[in-house]
Number of protein chains: 2
Amino acid sequence: MVLNRKLYPLVLIDIALFTIEDDALKVLLVKRAQEPEVGQWALPGGILKPEIDQSLEGAARRVLRDKVTVDIAHLKEVQTFSGPDRDPRGWSVAVLFYALLPRDQIDALVRSKVEAVQWFDATKPGHRLAFDHQHQLGSALRVLKEKVNAHALPLHLMPPLFTLTALQRTCEAILGRPLDKGVFRRKLSDSPDLVETGEYVRGPQRPAQLFKARDGFRF
Amino acid sequence: MVLNRKLYPLVLIDIALFTIEDDALKVLLVKRAQEPEVGQWALPGGILKPEIDQSLEGAARRVLRDKVTVDIAHLKEVQTFSGPDRDPRGWSVAVLFYALLPRDQIDALVRSKVEAVQWFDATKPGHRLAFDHQHQLGSALRVLKEKVNAHALPLHLMPPLFTLTALQRTCEAILGRPLDKGVFRRKLSDSPDLVETGEYVRGPQRPAQLFKARDGFRF
DNA sequence: AGAATAGTGTCTGTCAGACAGTATCGC
DNA sequence: GCGATACTGTCTGACAGACACTATTCT
């Protein structure tokens, strides 16, 4: 039985899960299998279950585990979306989180539920999204951009070892604009979050040094 | 009757309401009149009422109207606090907002419920606060500082007309450190949010020009 | 004149942007 | 040597911090 939503609101969590693919920022969307908005693409999300969740962030982590078979360590809250009309089931509070996933784990993930889960271009998904998820995605993108603009390094999007050029491509994909190589590397040179490995990647040109994230790094 | 909190969480809103008094940043606290935590000082807050609220922000505005007799236009969401143990009534989600109130309205406010409502120094209230409100206050302060550091002007804390020196005192109270007069005024000189009035305040020294906030200004 | 506060000017170091230049690989 | 990419150096303009200087009022 459904409870009277005039007295008790639905408490939902939604997640904007980002990754980098082909030097483009992608967001994970799921095709809804149930009413409401069946068949529409939406951000992965679910209902808070107080009996098993320890917090809203814990609920978000659980949803990602269940729906998408990914265990994400670091979720960041963006903001809430609330009101009587944003979900047809009645008065609802949706708490939006975002997370960054390194491209390494993409394959394992997409294999899990091939039909229902797909990566889309984060800046223009090319579909109408369910509920207010278009709006939510915009908010998550804005917060992500702000952090990168404030010189935070999105190392959680990178594989364990990466070149500075690859990191620059990732930042450019997030910000949607080209960055100057000299400026970018000057800032990195005194970042405590980056660690040189001394390893080099070889190819048909000058080898590039491989870096890794500082131990315990958090975006 | 109380509902089983193992199935349906409490949805609460709390508000950190700031003002400036004697060139110090103050936060409004209320002495709790009911269990739990009777007699403890706490941020004003309340339970979301879906039957009358249009959103969480609307609920926050309602709570301020009811508890504190103030109508605040601009509330900003900070973040959520959630879990099974933060409120003895059971699993709860608290959404924290903050707001800025010009000192003009202080008198009218404090008169409303003299015993139960009081302004405290925002950086060290000098009391243990109920629930996780000490933590919440810290988060609200951090967000407020970040905005002012990013050159946003806390004009909602100022009376309709104010001098640049008074504005500087306000920013210093928020940031907790002195600011250089020259630097401060240089930044203001090309701010579209400040409007000269041509009026001057007279005193036992050189008169200072009065400014006002741009029409439609929002922090 | 002197006290007090308002308001301005200037020097300096830091840093972002732009861009040129050098280095090192495969072929 | 050549193409390609990695990496470094340099010039410039904007701006923050520090601080001194001028301006205007009242007593």
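Note that this is a predicted model, so its numbers are computed, not measured. The sequence lines fix the lettering, A, B, ..., with proteins before strands; numbering per chain opens at 1.
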Rounded to whole Å, how long is the line connecting atom CZ of B:R177 with atom C1' of D:dA16? 11 Å
Just compare D:dA6, C:dA16, D:dG17 and give me whichever is closest to any side-chain atom of A:A208. D:dA6
Separation of C:dA6 P from B:L210 CG (nearest whole Å): 11 Å
Rounded to whole angstrom units, what separation is found between the CG atom of A:L164 and the C1' atom of D:dT8? 13 Å
Tell me whether B:K76 at atom NZ has more than 12 heavy atoms from other residues, nucleotides or ligands lying less than 6.0 Å away. no
I need the CZ-C1' distance between A:R185 and C:dA18, as an integer number of Å. 16 Å
Interatomic distance where CD belongs to A:Q168 and P belongs to C:dA16 [whole Å]: 14 Å
Checking the side chain of B:D180 only, and the main-chain atoms of B:G182 only, is there a donor and an acceptor separated by less than 3.5 Å? yes
Reckon B:T163 touches a base, only the sugar-phosphate, or nothing at all at heavy-atom distances under 4.0 Å? nothing
Can you tell me how far P of C:dA16 sits from CZ of A:F184, to the nearest Å? 12 Å
I want to verify a distance call: between C:dG7, D:dT8, D:dT25, whose nearest atom is closest to the B:Q205 side chain? D:dT25
Minimum-distance nucleotide (side-chain atoms of B:P207 versus C:dA23, D:dT25, C:dA6): D:dT25
Which of these nucleotides, C:dA18, D:dC26, D:dA18, is closest to any side-chain atom of B:D180? D:dA18
Taking C:dA18, C:dT5, C:dT8 as options, the one with an atom nearest any side-chain atom of B:R206 is C:dT5
Provide, to the nearest angstrom, the distance between the CG atom belonging to B:L179 and the C1' atom belonging to D:dA18. 13 Å
Atom CG of B:D190 and atom P of C:dT8: how far apart are they, to the nearest Å? 13 Å
Keeping the roles fixed (side chain from B:W91, backbone from A:S55), state whether a donor-acceptor pair exists under 3.5 Å. no
Which nucleotide in the set C:dG7, D:dA16, C:dG17 lies at the smallest distance from any side-chain heavy atom of B:Y200? C:dG7
Could you tell me whether A:K147 sits above the aromatic face of A:F219, with NZ or CZ closer than 6.0 angstrom to the six-membered ring centre and within 45 degrees of the axis? yes
Heavy atoms from C-beta onward define the side chain here; which of D:dT25, D:dC7, C:dG7 lies closest to that of B:R202? D:dT25
Comparing nearest nucleotides in DNA chain C, the 5'-proximal residue of the pair B:G182, A:H151 is B:G182
With the side chain of A:R186 defined as its heavy atoms from C-beta on, choose the nearest nucleotide among D:dT10, C:dG7, C:dT10. D:dT10
Does the side chain of A:T197 pick up a donor-acceptor pair with the side chain of A:Q209 at under 3.5 Å? no
Between A:P204 and B:P204, just flag the one whose closest nucleotide in DNA chain C comes earlier from the 5' side. B:P204
